[in-house]
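Taking it in order: structure first as structure tokens, then the write-up.
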Amino acid sequence: MIDINKIRKDFPILNRKINGNRLIYFDNAATSQTPSVVVEEIANYYYNYNSNIHRGVHSLSQEATEAYEKSRKIIQSNFNAKYNHEIIFTSGSTHGINLVASGYAHLLKKGDEIILSAMEHHSNIVPWQMLCEKTGAKLKVAPMNSDGVLIMEEYNKMCNKNTKLVVISHVSNALGTINPIKSILSIAHSNNAVVLIDGAQAAPHIKIDVQDLDIDFYVVSGHKLMGPTGVGVLYGKEKLLKLLPPYQGGGEMIDQVTFEKTTYAGLPHKFEAGTPNIAGGIAMGKAVEYINEIGYEAIAQYENTLLRYATSELLKIEGLKIYGESENKTAVISFNIKSIHPYDIGTILDKLGIAVRTGHHCAQPIMDFFEIPGTIRVSFSFYNTKEEIDFMVNSIKRAKSMLG
Amino acid sequence: MIDINKIRKDFPILNRKINGNRLIYFDNAATSQTPSVVVEEIANYYYNYNSNIHRGVHSLSQEATEAYEKSRKIIQSNFNAKYNHEIIFTSGSTHGINLVASGYAHLLKKGDEIILSAMEHHSNIVPWQMLCEKTGAKLKVAPMNSDGVLIMEEYNKMCNKNTKLVVISHVSNALGTINPIKSILSIAHSNNAVVLIDGAQAAPHIKIDVQDLDIDFYVVSGHKLMGPTGVGVLYGKEKLLKLLPPYQGGGEMIDQVTFEKTTYAGLPHKFEAGTPNIAGGIAMGKAVEYINEIGYEAIAQYENTLLRYATSELLKIEGLKIYGESENKTAVISFNIKSIHPYDIGTILDKLGIAVRTGHHCAQPIMDFFEIPGTIRVSFSFYNTKEEIDFMVNSIKRAKSMLG
Amino acid sequence: MKKIEIIQKEIIDEFNLFDDWMQRYEYMIDLGKSIPTIDPKNKNDKNIINGCQSKVWVHAELKENKVLYTADSDAIITKGIIALLLRVFSNQHPRDILLADTSFIDKIGLKEHLSPTRANGLLSMVKQLKMYAVAYQTQVK
Amino acid sequence: MKKIEIIQKEIIDEFNLFDDWMQRYEYMIDLGKSIPTIDPKNKNDKNIINGCQSKVWVHAELKENKVLYTADSDAIITKGIIALLLRVFSNQHPRDILLADTSFIDKIGLKEHLSPTRANGLLSMVKQLKMYAVAYQTQVK
Ligand SMILES: Cc1ncc(COP(=O)(O)O)c(C=O)c1O
Ligand SMILES: Cc1ncc(COP(=O)(O)O)c(C=O)c1O
């Protein structure tokens, strides 16, 4: 059970006033808010043991290294990875996807195929386009239906012995659809294809067990996971990570360097060149702990209540159309009202203190599919309330009557 | 003039106790300590306006975007870049170097040459080795003499019409040598070669005017510049940045995305795929402001006094040899005492609360040059004092007599 | 032709009558609806300014040494501000357009819409207005 | 042959006599100097453990069902800890070596040297000691 009053106290930003109104933050799919414990963890790092990690003999360096590696283990255990070196710290989901996509340049050739879904975020499209350009591999797009649900029969048809990679968002940021990754993994694996799952939108809401699901690669962003900006995680199976060449060259990722030849360090260091986001990595561990203290189940249940309530309240507004009507959704609602431009609604809502996202949500192909320029997207977190939803629904009505 | 008492109050970590002793932090070349104003800037971001930037209509997103872009301008003005879009936020120097090196894969061919110096950090070696592997270009190493000073005649000889890139650290992290970048730029430019300067060690100590010096590329790390971990900056001349392809694919860096074709956004967004380290970027601007409030001149003068004092005190220790004896140094002293292993000295100093770095300092080729396994490196910042140096010198004597 | 400063002053006075943002926005929305429509043939890709969120089209022509602007947007609030900008800039001498600033937008409480970080294309539109003025200035005596 | 626990207990008792870290370290440094030297031919690249900061060499052989270890390091403090580790592990039955832990290092206040993040190669050395024991266990009756 969520103790909403207690939880809201963890997020000082929720007391902000925007244009005279109390902030209502419904842009959680873009960036989640950060609980005090996470911010304090960052401050504590800088005030007490800020230091470059690894290789350092002095105490601060030891403390920082231990805290950073402890965070890696917290994250390992959150995703139930087999080894802690399967957890690679990145600067975010985009970085994680690029690391893998760039690594596959050595492993793909002309004639190979990559399947991605019709509902991917640009970060999970462009790196694969770049990979295809480099290698001559072909990008195939698995379609969705008008509910924003993937058509699984198509996966069965598209996936074949040429399929080398299948990339798919666990949850669509623009629609909220939770994709059936278990089925996709099984189809892909039966064709010996490797699967990268973009978990940016899933990790804050759904407990993931990478071993149980037999996941190959999984990426997440700290800033969507109650953690800080500038940090994320790539999970990869040991044997797959070993196949990838290093992504960046630098300190940390080497074993020996001479001008003639350089040998690379083992996992995870091979992929962590240079000084990492130490404070961020440590704080991301704290954020994951924070989420687990509340509990994924309690979060899912609470957010689902908000989702169902908001959906039914919004649908009472005449002319409002929701995009993404899967049975299986996280607390994300994308909608439009008649021909009113999302930007206009977003602007009026902001005047009333409500933060929603408007536009294409970095998923232009989805907008093209629905033939719309964009949507208004509201996305909830476990610190949001029904009262906030009521205020939003009334505000939308007000905006509609102003703009209509 | 440095008001040392006032300044030390800005760094709460300096009150830390290590093994019962007050911390003496002489590992500034690895990571500088972070003043409260910078930490508070980070906390202020999370407590008041944490939000994803760009494209957002709501107030928080506007505030975050404005703060982030303001920071870019602060940094632009610090380096006197012509345009703010010549300032690319990265996750650190290593990232910045890799971004450029990876971009040149499209621009180099077999027969082209890259000159780097004998005193580079691994982060400024490995990416170029990787580039040479990809393109067939050749790596040439400009030598130094036994003082740790580059032999400029060699540059003149090595640099020719095949030279496409010259990469050089502004300041060597292992030796402290300030390299004559003006001469190197002029030699390189007269051969139409492009110069990348690794400013990781210079930016905290030396005022840089990229226009005045006609610098092509310059990279820095936030965490060495009184700023946070996980953020850095690449400066590049507009016309050179335009020649480089995007480094990573994702959100932010695109103009239009369809599954068939993607067009890229302009500078700086082309190189800033995904959600950046927003808090880090903003705080890095604050750090640069902090340094400028104290003043580069005052800093240089004060640190130079520390350098000269420590050098002369250390040289009084029998058997102590300093590596890096250029006239032109930042406040970095690398040394060994007879055949005592640096690790042993570092361990004893740590027991006494003194943080120094020991080892190869991610510059194995320098160690190979001097035929040593590593050194003890002490590096000062403007919050250090002569008293701390005295205590260190005495501690080294103590360590020496224990180990000798 | 009224001078640019006079028009700006008028707009500021008008907005001073409003009690709150609601009234200001309602007025802007009305303006947005009443904006003189751009000739469909000028609402083309050449004249588009991509603001990521809302699109803006601007067309300009020179008539008797004055620049006549027409413009449009797909978002109504953006259109409202365009209406204000055109009221100020259109039908003026290129030289006066180049000298004019947009601080009146600030004074009527709509500053945020002209922020460089706003994804609505308005700031690029202002730049575009000035570009036309630069171009036409060479053609007038 | 003394049992491993007994040797560990002895070491803990010895270290309990020291008042401060200085004395402990001085003792360790002495130990480091007195470590039975590894046969130069065994101080080869095959036996090296790269700890980034200090190097460690370990050699093992089986003699009368016991594992005899010799080791060395280029850093004297590392050598001191190696001396303690060998005193405990060397000349023991592989089975006992496999069962033994290194918590005595913790109890004598030298924990930090066996931290997984320490760049001195000691933790890898302990792993290596155990690996040899695993290998030799199959050869003893
Ligand atoms: C000269 C030099 N270049 C590059 C780097 C790499 O910087 P970072 O680890 O912040 O990417 C360092 C930091 O150690 C350095 O000293
Ligand atoms: C589904 C999805 N994938 C990837 C990303 C990119 O994440 P980041 O911007 O943190 O790299 C996002 C964030 O917007 C997302 O929603």
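All chains are named by letter (A, B, ...) in the order of the sequence lines, taking the proteins before the strands, and each is independently numbered beginning at 1.
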Structural part of L14(B) lying under 4.5 Å from a heavy atom of chain A: neither
Okay, E133(B) and chain A: the region with an atom under 4.5 Å from a heavy atom over there is neither
Heavy atoms, side chains only, cut-off 4.5 Å: are Y45(A) and T34(B) in contact? no
Looking at NZ of K17(B) and OG of S59(A), how far apart are the two atoms once the value is rounded to the nearest 0.5 Å? 14.0 Å
To the nearest 0.5 Å, atom CG of N50(B) lies from atom OG of S32(A) at 7.0 Å
Where does V141(B) contact chain A at under 4.5 Å (heavy atoms): side chain, backbone, both or neither? side chain
Checking Y47(B) against Q33(A): is there a side-chain donor and acceptor pair closer than 3.5 Å? no
With a 4.5 Å heavy-atom cut-off, do H95(B) and H95(A) have their side chains touching? no
So which part of F11(A) gets closer than 4.5 Å to some heavy atom of chain B, the side chain, the backbone, both or neither? neither
Any side-chain heavy atom of Y46(A) sitting closer than 4.5 Å to one from I13(B)? no
Relative to chain B, which of C132(A), A43(A), P365(A) shows the most heavy atom pairs under 4.5 Å? P365(A)
Over all heavy atoms of both residues, which pair between G249(B) and P127(A) is shortest? Give the atoms and the distance, please. O-CG, 3.5 Å
Nearest 0.5 angstrom please: T31(B) OG1 to I278(A) CD1, how far? 5.5 Å
Please round to the nearest 0.5 Å and tell me the distance separating atom OG of S91(B) and atom CZ of F89(A). 14.0 Å
Given the options I18(A), L60(A), V231(A), L99(A), which has more heavy-atom pairs under 4.5 Å with chain B than any of the others? L60(A)
Need one label for K261(B): side chain, backbone, both or neither, based on atoms under 4.5 Å from any heavy atom in chain A. backbone
Looking only at S102(B), A355(B), A273(B), most heavy-atom pairs under 4.5 Å shared with chain A are made by A355(B)
Among the options M130(A), H361(A), E120(A), pick out the one with the most heavy-atom pairs lying under 4.5 Å from chain B. M130(A)
Quick check on Y25(A) against chain B: is it the side chain, the backbone, both or neither that has a heavy atom closer than 4.5 Å? side chain
Please report the closest heavy-atom contact between D255(B) and Q364(A), naming both atoms and the distance. O-NE2, 3.5 Å
Of the listed E40(B), H121(B), K224(B), E63(B), the one with the largest count of heavy-atom pairs under 4.5 Å with chain A is E63(B)
Measure distances from N19(B) to the heavy atoms of chain A and classify the residue's part below 4.5 Å as side chain, backbone, both or neither. side chain
Got L139(A) and E260(B) here, is their nearest side-chain heavy-atom distance under 4.5 Å? no
Region of V38(B) that comes under 4.5 Å of a non-hydrogen atom in chain A: neither
With a 6.0 Å cut-off (strictly less than), is the heavy-atom count around NZ of K138(B), excluding the residue itself, greater than 12? no
Side chains of T94(A) and T275(B): does their closest heavy-atom pair fall under 4.5 Å? no
Please tell me if the side chains of V126(B) and V257(A) come closer than 4.5 Å, counting only heavy atoms from C-beta onward. yes
Heavy-atom proximity to chain B below 4.5 Å, by part of Q129(A): side chain
Determine the option with the most heavy-atom pairs under 4.5 angstrom with chain A, choosing from S36(B), G92(B), P246(B). S36(B)
What residue, out of G280(A), G346(A), P228(A), has the most heavy-atom pairs lying under 4.5 Å from chain B? P228(A)
Heavy-atom distances under 4.5 Å only: say whether N48(A) touches chain B with side chain, backbone, both or neither. both
Residue D27(B) versus chain A: region with a heavy atom under 4.5 Å: side chain
Could you measure the distance from the NZ atom of K351(B) to the NE2 atom of H58(A)? Nearest 0.5 Å is fine. 14.5 Å
Please confirm whether the backbone N or O of A279(B) pairs with a side-chain atom of T229(A), one donor and one acceptor, at under 3.5 Å? yes
At a 4.5 Å cut-off on heavy atoms, which part of P276(B) comes close to chain A: side chain, backbone, both, or neither? backbone
One option among C362(A), A101(A), P12(A) has the most heavy-atom pairs under 4.5 Å with chain B, and it is P12(A)
State, with a plain yes or no, whether a side-chain heavy atom of S51(A) is found less than 4.5 Å away from one of R357(B). yes
Per-residue contact mode, Y247(B) against chain A (heavy atom under 4.5 angstrom): both
Pick one of side chain, backbone, both or neither for L23(B), based on which atoms fall under 4.5 Å of a heavy atom in chain A. side chain
Going from OG on S123(A) to CD on Q248(B), what distance comes out if it is rounded to the nearest 0.5 angstrom? 9.0 Å
